[in-house]
Asks: 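Below you will find the structure I want to go over with you.
Since this is a predicted model, take the numbers as computed values, not measurements. Naming convention: chains lettered A, B, ... in sequence-line order (proteins, then strands); numbering from 1 in each chain.
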There are 2 protein chains.
Amino acid sequence: MELEELKEKLPNLTDPNLLEAMLKYGTVHVFQDGKTITEPGQFIKMVPVILEGAIKIMRMDEDGKELFLYYLEPGETCALSLTCCSASKPSEIKAVAEEKTTLIGIPIQKHEEWTDKFKQWKEFVAMTYQTRFMEMLVALDAVAFKRMDERLMRYIVTKMKQQKTNELHTTHQEIANELGTSREVISRLLKQLEKKKWIELGRNIIYIRDDFEELISI
Amino acid sequence: MELEELKEKLPNLTDPNLLEAMLKYGTVHVFQDGKTITEPGQFIKMVPVILEGAIKIMRMDEDGKELFLYYLEPGETCALSLTCCSASKPSEIKAVAEEKTTLIGIPIQKHEEWTDKFKQWKEFVAMTYQTRFMEMLVALDAVAFKRMDERLMRYIVTKMKQQKTNELHTTHQEIANELGTSREVISRLLKQLEKKKWIELGRNIIYIRDDFEELISI
DNA sequence: TTTTTTATGTGACTAATATCACTAAATTGA
DNA sequence: TCAATTTAGTGATATTAGTCACATAAAAAA
């Protein structure tokens with residue numbers, strides 16, 4: 001990859017020395033849509049910085065039940081990989097490419113070196129911790145304080161924004177997995193939303209009304 | 001406060017220059033048992049480093065429903081105060097002194113300065129993010145994947161460890177608040193534990209069998 | 001086209017938790 | 001000491017979510 005290309009993908013990182021170092025020591029990886037990038041128990045050797053696509057971060061319990069936490073989008077990195085790496089502990093989460101995703105993997109030693117060397121990297125890491133902490137709180141609020149109908153509606157909004165569309169190509173089972181519930185529950189709740197004419201249901205697709213987000217906040 | 005005293009309270013921070021700086025720029029505060037230190041919406045101007053006692057960190061929803069997240073113990077700091085401060089955003093959590101608590105408040109500019117200046121402070125901050133992230137995951141697991149009976153048992157163990165006792169001086173209402181449920185639910189579940197002879201109930205007190213922790217993990 | 005697979009719809013039932021209503025006991029404090 | 005307050009116990013009922021069983025429909029494969 002060329003410096004110019006990296007610069008374009010990461011508009012927030014402007015320090016040419018940092019970008020040069022990223023190219024020199026980082027390795028570019030491409031993951032196809034749906035590919036699992038990390039699973040709980042696996043050791044992480046790199047700090048991933050997303051260049052293109054999106055990664056879905058999920059928490060899992062012992063029985064394999066899952067819970068969606070947040071997306072990593074271009075220009076972002078994973079706070080958990082920062083902490084897991086440093087502590088040389090295995091991953092606590094599952095990361096799946098939500099679409100075809102390109103990322104640059106930074107070796108952990110370089111990350112630690114750069115927090116001293118590059119002010120911008122230090123700020124990038126600090127910003128990462130901050131946004132991820134907030135997203136963890138959002139995820140926590142959902143499971144702790146919200147009912148499934150509200151969680152589902154927020155999930156739809158999050159997906160719409162992430163995919164920049166109002167047609168979600170997914171199955172009820174997939175949604176159920178990400179919300180840590182069962183397919184029947186999601187089917188029924190979606191049916192309720194359809195009755196209210198807020199969405200329309202098809203096989204493998206959900207059409208969402210343009211004003212869905214305003215509707216749900218009432 | 002004297003350097004020697006601070007050294008003793010914070011055995012993990014050995015750099016004398018760092019400790020000197022903490023004394024010079026930090027301010028010592030004492031909070032009585034039960035005193036609220038921060039509430040959601042309030043701005044945080046200091047990074048607190050706990051010297052004595054313990055602080056209970058809680059998440060709240062709009063209706064005032066609460067959820068216990070974790071304790072801050074001596075030698076620790078709050079990851080959320082680090083991120084909130086830097087972003088000059090209001091607090092996302094409620095912090096309450098769990099016992100009489102002494103802390104030293106570090107001005108936010110000093111924190112940022114010290115992450116460059118003192119390797120040990122940088123490591124301290126990194127460690128803080130790491131442990132807090134893990135504790136957030138534990139809290140998330142509990143609400144996402146565990147039933148109330150298990151959450152209650154884990155809560156009892158956490159309290160026992162924190163207070164280094166097997167007599168908890170608390171009310172059912174207090175426990176219910178911290179677990180985000182209602183008093184009746186807790187009363188009933190405690191009664192079940194009493195029937196199993198794992199605990200004994202009194203007014204404002206719960207006596208816990210010494211082998212409680214081993215019992216629950218079966 | 002026919003079969004097979006995958007996805008969805010839905011009734012019936014169960015489980016977990018929340019809420020309401022009330023009683024009773026322990027503690028406080030006037 | 002005795003009324004008021006706080007804390008705890010518990011039945012009845014409601015709500016929410018999870019599970020089971022099966023029907024139906026759409027898409028993919030043979």
Side-chain angles (χ1 to χ4, degrees), chain A residues 34 60-68 141-156 159 167-208 216, chain B residues 34 61-68 140-156 159 167-208 216:
Chain A
M60 290 175 78
D61 81 342
E62 319 85 54
D63 313 333
K65 204 174 150 187
E66 298 185 343
L67 182 73
F68 168 78
D141 283 348
V143 282
F145 303 129
K146 307 294 184 192
R147 284 205 317 272
M148 196 54 81
D149 55 352
E150 187 172 345
R151 289 177 58 199
L152 174 59
M153 291 188 289
R154 290 181 185 279
Y155 172 91
I156 290 171
K159 279 269 175 180
E167 293 182 10
L168 297 187
H169 297 262
T170 182
T171 65
H172 300 182
Q173 186 63 64
E174 168 92 1
I175 299 175
N177 291 150
E178 300 197 11
L179 293 176
T181 183
S182 63
R183 199 264 314 161
E184 295 92 320
V185 171
I186 297 301
S187 289
R188 275 188 255 263
L189 291 174
L190 285 172
K191 213 68 200 160
Q192 285 180 23
L193 292 177
E194 195 180 39
K195 272 189 195 135
K196 290 202 239 177
K197 311 255 182 221
W198 292 5
I199 62 174
E200 267 183 73
L201 298 174
R203 188 187 167 93
N204 287 313
I205 198 163
I206 302 172
Y207 305 94
I208 302 149
I216 69 165
Chain B
D61 83 340
E62 320 85 53
D63 312 334
K65 203 172 151 187
E66 299 185 342
L67 182 74
F68 169 78
L140 196 78
D141 283 347
V143 283
F145 304 128
K146 307 294 183 192
R147 285 206 317 271
M148 197 53 81
D149 54 353
E150 187 172 346
R151 288 177 59 197
L152 174 60
M153 292 188 289
R154 290 180 185 278
Y155 173 90
I156 290 172
K159 279 268 174 179
E167 294 183 9
L168 298 186
H169 297 262
T170 182
T171 65
H172 300 184
Q173 186 64 64
E174 168 92 2
I175 300 175
N177 291 151
E178 299 198 10
L179 292 176
T181 182
S182 63
R183 200 263 315 157
E184 295 93 319
V185 171
I186 296 301
S187 288
R188 275 189 255 261
L189 291 174
L190 285 172
K191 212 68 200 162
Q192 286 180 23
L193 292 177
E194 195 180 40
K195 271 187 196 138
K196 291 202 238 177
K197 311 255 182 223
W198 292 5
I199 63 174
E200 268 184 72
L201 298 174
R203 189 188 167 91
N204 287 317
I205 198 164
I206 302 172
Y207 304 94
I208 301 151
I216 68 165

Asks: For B:Asp63 and C:dA18, give me the distance from atom CG to atom P, rounded to whole Å.
Replies: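 To the nearest whole Å, that distance equals 14 Å.
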Asks: Out of D:dG9, C:dA7, C:dA18, which nucleotide sits closest to the side chain of A:Asn204?
Replies: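 Nucleotide nearest to A:Asn204's side chain: C:dA7.
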Asks: Tell me the interatomic distance from A:Ile205, atom CD1, to C:dT6, atom C1', rounded to whole angstroms.
Replies: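 That distance rounds to 17 Å.
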Asks: Distance check needed: D:dA8 P versus B:Ile199 CD1, whole Å only.
Replies: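 After rounding, the gap between these two atoms is 11 Å.
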Asks: Quick one: does A:Ile206's side chain get under 4.5 Å of A:Ile175's, heavy atoms only?
Replies: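 Heavy-atom side-chain distance check passes, below 4.5 Å.
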Asks: Could you check how far CD of B:Glu184 sits from C1' of D:dT15, rounded to whole Å?
Replies: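 Distance, rounded to whole Å: 15 Å.
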Asks: Rounded to whole Å, please give me the gap between CZ in B:Arg183 and P in C:dC20.
Replies: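 In whole Å, C:dC20 P lies 13 Å from B:Arg183 CZ.
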Asks: Just to be sure I understand the rule, does B:Ser182 reach a base, reach only the sugar-phosphate, or reach nothing, if contact means heavy atoms closer than 4.0 Å?
Replies: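 Result for B:Ser182 = base.
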Asks: Between D:dG9, D:dA25, D:dT7, which nucleotide has the shortest distance from any of its atoms to the side chain of B:Ser187?
Replies: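 Of D:dG9, D:dA25, D:dT7, D:dG9 is nearest to the side chain of B:Ser187.
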Asks: Whole Å only: how far is the CD atom of A:Gln192 from the C1' atom of C:dG9?
Replies: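 After rounding, the gap between these two atoms is 13 Å.
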Asks: What's the CG-P distance between B:Leu179 and C:dA16, to the nearest Å?
Replies: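 After rounding, the reported distance stands at 17 Å.
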Asks: More 5' along DNA chain D: A:Val185 or B:Lys195, using each one's nearest nucleotide?
Replies: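 Whichever sits nearer the 5' end wins; that is B:Lys195.
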Asks: Can you tell me how far NE2 of B:His172 sits from OG1 of B:Thr181, rounded to the nearest 0.5 angstrom?
Replies: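 If I round to the nearest 0.5 Å, the distance is 13.5 Å.
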Asks: When all nucleic acid strands are considered with a 4.0 Å heavy-atom cut-off, which category describes B:Arg147: base, sugar-phosphate, or nothing?
Replies: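 The answer is sugar-phosphate, as B:Arg147 gets under 4.0 Å only of primed atoms, P, OP1 or OP2.
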Asks: Figure out the CD/C1' separation between A:Glu200 and C:dG9, and round it to whole Å.
Replies: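 For the pair A:Glu200 CD and C:dG9 C1', the rounded distance is 17 Å.
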Asks: On the nucleotide C:dT8, are OP1 or OP2 found under 4.0 Å from the side-chain N or O atoms that A:His172 carries?
Replies: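 So the side-chain polar atoms of A:His172 do come within 4.0 Å of the phosphate oxygens OP1 or OP2 of C:dT8, strictly under.
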Asks: Heavy atoms under 4.0 Å, any strand shown: does B:Asp149 hit a base, just sugar-phosphate, or nothing?
Replies: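 No contact.
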Asks: Base of C:dT27, side chain of B:Arg203 - is there a donor-acceptor contact under 3.5 Å?
Replies: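 Result: no qualifying N/O pair found.
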Asks: Taking NZ, NE, NH1 and NH2 as the nitrogens, is one of them in B:Lys146 or A:Glu62 under 4.0 Å from a carboxylate oxygen of the other?
Replies: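 Yes, B:Lys146 and A:Glu62 are salt-bridged.
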Asks: First locate atom CG of A:Leu189, then atom CZ of A:Arg147, and finally report the distance between them rounded to the nearest 0.5 Å.
Replies: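 If we round to the nearest 0.5 Å, A:Leu189:CG and A:Arg147:CZ are 9.5 Å apart.
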Asks: So, A:Arg188 and A:Glu184, do they make that salt bridge, N to O below 4.0 Å?
Replies: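 Judged by the 4.0 Å cut-off on N to carboxylate O distance, A:Arg188 and A:Glu184 do not form a salt bridge.
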Asks: What about B:Arg188, does its side chain sit under 3.5 Å from the base of C:dT19 through a donor-acceptor pair?
Replies: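 Indeed, a donor on one side and an acceptor on the other fall under 3.5 Å apart.
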